[in-house]
Amino acid sequence: MSRVPEAFAAGPAFVPYLAVGDPDYESSLEYVEALARGGADVIELGLPFSEPVAEGPTIQSAVVRSLEAGMTPERFFGFVEELDVDAPLVCMTYYNLIYRFGDERGPEPFVRRAAEVGIDGFVVPDLPAEESDPLRAACDAHDRDLIFIVAPTTRGERLERIMERVSGYVYVQARLGTTGARADVSDQTDASLARLADWDVPKAVGFGISTGEHAERVVAAGADGVIVGSALVDIVADGHENDAATSDVAARLEEKARELKAGARRGAEQRVPHPERT
Amino acid sequence: MSRVPEAFAAGPAFVPYLAVGDPDYESSLEYVEALARGGADVIELGLPFSEPVAEGPTIQSAVVRSLEAGMTPERFFGFVEELDVDAPLVCMTYYNLIYRFGDERGPEPFVRRAAEVGIDGFVVPDLPAEESDPLRAACDAHDRDLIFIVAPTTRGERLERIMERVSGYVYVQARLGTTGARADVSDQTDASLARLADWDVPKAVGFGISTGEHAERVVAAGADGVIVGSALVDIVADGHENDAATSDVAARLEEKARELKAGARRGAEQRVPHPERT
Amino acid sequence: MSTNDGKFGDYGGQYVPEALMPAIEELADAYERYAVENEDGFLDEFRCRLRDFGGRPTPLQRAERLSERYGREVYLKREDLVHGGAHKLNNALGQVLLAKYMGKERIIAETGAGQHGTATAMACAHLGLDCEVYMGTRDINRQRPNVFRMRLNGAAVNPVSVGRGTLKEAISETMRDWATNVEDTHYVIGSVVGPHPFPSLVRDFQAVISEEAREQIRTRAGTLPDSVLACAGGGSNTMGAFARFLDDEGVDLYAVEAGGSSLDVDEEAGVAPNSASLTTGSEGVLHGARTKLLQDRHGQIMESHSVSSGLDYAGVGPELAHLVDAGRVTPVNVDDDAAISAFHRLSQLEGIIPALETAHAFGYLEDAGEDLGETVIVNVSGRGDKDLESVIEETAKRDVKNAPDLDVFAGGTGGLR
Amino acid sequence: MSTNDGKFGDYGGQYVPEALMPAIEELADAYERYAVENEDGFLDEFRCRLRDFGGRPTPLQRAERLSERYGREVYLKREDLVHGGAHKLNNALGQVLLAKYMGKERIIAETGAGQHGTATAMACAHLGLDCEVYMGTRDINRQRPNVFRMRLNGAAVNPVSVGRGTLKEAISETMRDWATNVEDTHYVIGSVVGPHPFPSLVRDFQAVISEEAREQIRTRAGTLPDSVLACAGGGSNTMGAFARFLDDEGVDLYAVEAGGSSLDVDEEAGVAPNSASLTTGSEGVLHGARTKLLQDRHGQIMESHSVSSGLDYAGVGPELAHLVDAGRVTPVNVDDDAAISAFHRLSQLEGIIPALETAHAFGYLEDAGEDLGETVIVNVSGRGDKDLESVIEETAKRDVKNAPDLDVFAGGTGGLR
Ligand SMILES: Cc1ncc(COP(=O)(O)O)c(C=O)c1O
Ligand SMILES: Cc1ncc(COP(=O)(O)O)c(C=O)c1O
């Protein structure tokens, strides 16, 4: 049974992302645990794929570091088993790794194994609703959530097709483009949230959120959660480049998590009822 | 009146060639006079043209040296005037210089001026019989000889066309190709001489003759003269490259001339009556 | 050869980020309307421009000296004579024109050998659209003349230094640009790869190759060929050369892949020193489509290798993968050495300097046995001007028996200067 | 357009060493029999090979963006699409085939830009004849890709270092080889220059350009053009583009010469920093023919100059000289700067990277006034792949307003490596 819904039920969710194994397995364990301590409500664990077409330079580099340090799907599952956190876990990866896992072709073996180690759900950036039926079926069979991304360009029929299949939360892509920390929050976010208002799945906004203030604005605008990746990966990268001690980096991550979580909470307090859809 | 015929009447003629002005005006004067002392019967004076298509590398280089030292047709004529030799003089040059000389277009002004300074005849390597009527007419008007080259490939009608127009001597090209000293004498020479036997214009063989022995063989085979260019230009070039004193180079030229002339004489003594043409 | 649901058996599909899906749906719709149904006379205009700007039709030439050498009738489909020097313009011109019909203002493209990039840059200059091309840094070094050509045509060239800096990385990067600028931008993909409708769209634009060749061989030889050979990177010249022969059962179709330096793979290093995804690859999902891929046992994409940049790709078009599974197309491969040798052979015997990609097809012609039959068409997908430096280098590295002495040019001071 | 006595008014003739005369007479005879009277079906075979190997017919393309720019109908005759990248193959293929009919075994040629050399090397590989090409060392440096291409096609390239090492010297040197090996060798001259029958022979082989263009423009525009523009080095693409329009009185013919850096001459240095023999030259005899030449007052040939190797020649075809004197052809000229600017303009506006030679014709299109009339054909004599390095260098030297930023490629370490 996925633990994701209850995490969102408790108030605005802070959903951090890290690439597992970046820059190495051991440090990565500490970093994820630091995020949990910092208040993560759900954690997105990136399983690195060699062709991360949806990622900007920050996460691309993280993927390279992790793969060079030897990350594989099996090790990823081992990592999850070893991980000592309470927050629900979402696996973020590309479809080929899911499709290729195990002896038979298809997503079921991957989902089964993920469920075994305690993964609650999946985000697959290169799997649109149209191609998702096999994975959706495997998730249903194992009581897992399948999270979809809704882009600023997603409208009408496409939106309905996605909303029929989504569970856990919708990943509201805050702007066009790839992942990466930005200095501002996009207007497109408001429009997207408005389009989604009628569905009662939790809406978590991601792509570009990097500060507590961003988080505050987004939640105030109606989001049920904020997803933060590159801003955290930046901290890992910075530590790696400067040979910082793992514990120092972990402390910085924890602190950043607190800032973001606090921002989300402030946003929730300002929250106005969402405008009626016409 | 051209003095060329009488030069050939006296026995086998030694006909040396030098590029006038190579490597400079003054040295060149001395060199030509040295050849005269060495026994030259006719002297071919090359007036350098920038595109000497019939010359091999040796004479090409001489042409470059002379042009760089400032040779022009007018200076060439001055040179001839200044020259103190008794042998008849033949100007060897390309048609463009003849054609362009003076104020009116056409060969007459050049021939007139050449006649004034004492040139007896002309060899023009890029002027075949077909294009020679204007020059032939100018030569006739000024009583000068027009020498034509007969190549190993010249046969039948072409040969007749040339022999109708030639005067002074025929320049029998010993081999295909360009000018240049060679180590042997070509078989093609005998065949050419045989083809020319019926005409009673003097036949002087050139292209590749470099030693007294060559000269001997060629005259023995029936030639009325030998034309030697590159072997002499080589001596000039060698002196120039090694900064030899002009008088030393002149002495070497004179000696080489004696060797060639002596060879020609020996050849004449061995001379057999030419085979009847069938 | 018209529209479909984007599936070729199990292959194909649309595996792209959600942000791109609306654009891809819009494109599928435009493909249908303009390129299939000829709305607004799109196809007529395309044909005209292919003729006047592109230089079509290209000849089908009987290769006399190769025919003699192999004791069969060898015909060359001369795509090297297309403007820009390769079949790539057929597709680039089609897509840029389609983008114009769709009201797009900006064109992006990836390129490997630089041929697709130059073709796209040329088409954009011709039609007055802005153009940016992504190219791996390694390929930029291998194909410098093409980089200059794109710049001269007014295109921006964006170096991609991720990974090994070849085509795979350039495609990923172009997809990222598209995901960012999808509203005014069309992504001109360079081969029959990517999400639907690209594999069908590119195939249709390239099908002019076999449309002409089929007609030409019937006129010239009075018969259909026994076999058709084309090199396969992504597979656009292959699909173009095969499309109109698919229904002719007697015509054998050979897709010649790059065997690289070896068909083995080094899983540890994540490297497959070849680009033979049809021969040695396995099913997976990359760059928007399910197809045959070079991947390790975990599903990570391998770094491919070929002496020819244009074949150096870990995937292949989904339709081609399907046709191979269905037994309609025979996948074969030719290694770097044999390709270089074939390059020299064609240059010397026929006076045609082929692209290194193309040379692979001729490498197979040399090796093949009786199977090819009496009458063979080889698709000369491009010319080799872009490859001169690579060939000099690669020839110097090996003992190529039939190579001319190129030493004088390879000297330390830049050759004959 | 058939045989003649080798004279065009006062121009033409046969001013060559006697050793060559028999070969030239033999050639004149073969020209007459095969190329004029089609003995043994020579012309049919030639046409077939031009089509299948050479890629003819080439398109006549309406240049949309140039037409708009100049407010006239600009059509491009696309000789850049001929195999090898220039009109040069029309002639080279014709002559090599003729040599084969004559039983010759060995081909020699001179080359300036390297286009004629590559065309000849290609034709020789295609027809199985030995080939040696003479090329000035300076041109070898300016056109390195073409040197490689000749070598790859199996031809020997003989550097000529006499003088300034350009086309003039290469021609002289080839004549010397011919005079030595005249019995088994044919000299494939690269333009409408040299002794009779070359000017007529080369013109006839190139006349296919205007034969096609005249038909094409009538079909496309329903009219004859008001003017035809072609760049003139020796004048082969010029004569080819003009030949079939000579009798059309309403069609103005413009031969665009290289104005180089200046139309002045430096007699002392023996240098004319241009190649404008029709505009500034005087009558004389060079390389076998009487024609217009760049020469000093003594009749010494000057060193010419042009940024484009293929125009860098001190003479011009005798027929063209005659047509200029007769008022049928208008000689104009375009300097280095304007040619480079035109190179960039065509690359950016039309997606066609022209040879630097060709760029001169477009330079005149930019400058010309009303005189050109409503409908203009410009002969695109060749493509610019061979010129990339020169263009980068020459662009860097100047302030070319419309050039793209090429700095990143011109860096000291060989650019983007
Ligand atoms: C000349 C040539 N042939 C073949 C290819 C391979 O591409 P495809 O298999 O898509 O035709 C390329 C790619 O750049 C190319 O330039
Ligand atoms: C592309 C191109 N155009 C023009 C020329 C000039 O030659 P011609 O005037 O004989 O056509 C050349 C010579 O190399 C050339 O390569």
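So that the names make sense, note that chain A is the first sequence line, chain B the second, and so on, each numbered from 1. These figures come from a predicted structure and were not determined experimentally.
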Exercise for review: Please flag which part of B/Pro52 lies under 4.5 Å from any non-hydrogen atom of chain D: side chain, backbone, both or neither.
Suggested key: both

Review point. Looking at B/Arg105 and D/Glu283, does any basic side-chain N land under 4.0 Å from a carboxylate oxygen?
Key: no

Review point. By a 4.5 Å heavy-atom criterion (distance strictly below it), what part of B/Pro128 contacts chain D: side chain, backbone, both, or neither?
Key: both

**Study point:** Exercise: identify the closest heavy-atom pair between B/Arg100 and D/Gly299
**Key:** CG-CA, 3.8 Å

Check your understanding: Around D/Glu268, counting heavy atoms of other residues, nucleotides and ligands shown, do more than 12 lie under 6.0 Å from its CD?
Key -> no

Exercise for review: Any chance you could measure B/Gln60, atom CD, to D/Ser172, atom OG, to the nearest 0.5 Å?
Suggested key: 8.0 Å

Review point. Is it true that B/Glu130 and D/Lys7 have a side-chain N and a carboxylate O under 4.0 angstrom from each other?
Key: no

Check your understanding: So, do B/Val53 and D/Pro17 sit near enough that their side-chain heavy atoms are less than 4.5 Å apart?
Key -> yes

Exercise for review: Could you check D/Met175, D/Arg176, D/Glu173 and say which one makes a side chain to side chain contact (heavy atoms under 4.5 Å, CB included) with B/Thr178?
Suggested key: D/Arg176

Check your understanding: Should D/Glu18 and B/Arg158 be marked as a salt bridge (charged side-chain N to carboxylate O under 4.0 Å, His left out) after you check the CA-CA gap, both sets of side-chain angles, and the distance that decides it?
Key -> CA-CA 9 Å; D/Glu18 174 56 29; B/Arg158 289 208 52 70; 2.8 Å; yes

Review point. Top residue by heavy-atom pair count (under 4.5 Å) with chain D, among B/Asn96, B/Val64, B/Ile98?
Key: B/Asn96

Review point. By a 4.5 Å heavy-atom criterion (distance strictly below it), what part of B/Phe49 contacts chain D: side chain, backbone, both, or neither?
Key: both

Check your understanding: Just wondering, do B/Arg175 and D/Thr180 contact through their side chains at under 4.5 Å, heavy atoms?
Key -> no

**Study point:** Selection from D/His287, D/Glu25, D/Glu183, D/Glu169 maximising heavy-atom pairs under 4.5 Å formed with chain B
**Key:** D/Glu25

Exercise for review: Could you check if a side-chain atom of B/Asp126 sits within less than 4.5 angstrom of a side-chain atom of D/Val16, using non-hydrogen atoms only?
Suggested key: no

Check your understanding: Taking all atoms of both residues into account, what is the closest heavy-atom pair of D/His298 and B/Pro73, and its distance?
Key -> CB-CD, 3.6 Å

Point to revise | Contact winner vs chain D - B/Ile162, B/Leu67, B/Leu97, B/Thr154, heavy-atom pairs under 4.5 Å | key: B/Leu97

Point to revise | Region of D/Ser282 that comes under 4.5 Å of a non-hydrogen atom in chain B | key: both

Check your understanding: Heavy-atom distance under 4.5 Å to chain B: side chain of D/Ile171, backbone, both or neither?
Key -> neither

Practice item. Give a yes or no answer on whether the side chain of B/Ser50 reaches the backbone of D/Ile301 with a donor-acceptor pair at less than 3.5 Å. Key: yes

Check your understanding: Can you find a heavy atom in the side chain of D/Asn181 that is under 4.5 Å from one in the side chain of B/Leu176?
Key -> no

Practice item. Kindly determine whether D/Arg297 and B/Glu74 satisfy salt bridge (charged side-chain N to carboxylate O under 4.0 Å, His left out), including the steps that lead there. Key: CA-CA 11 Å; D/Arg297 65 180 188 285; B/Glu74 263 311 339; over 6 Å; no

Review point. Looking at OG1 of B/Thr72 and CG of D/Asp296, how far apart are the two atoms once the value is rounded to the nearest 0.5 Å?
Key: 9.0 Å

Exercise for review: Heavy-atom distances under 4.5 Å only: say whether B/Val124 touches chain D with side chain, backbone, both or neither.
Suggested key: neither

Review point. What part of B/Arg161 gets closer than 4.5 Å to chain D, counting heavy atoms only: side chain, backbone, both or neither?
Key: side chain

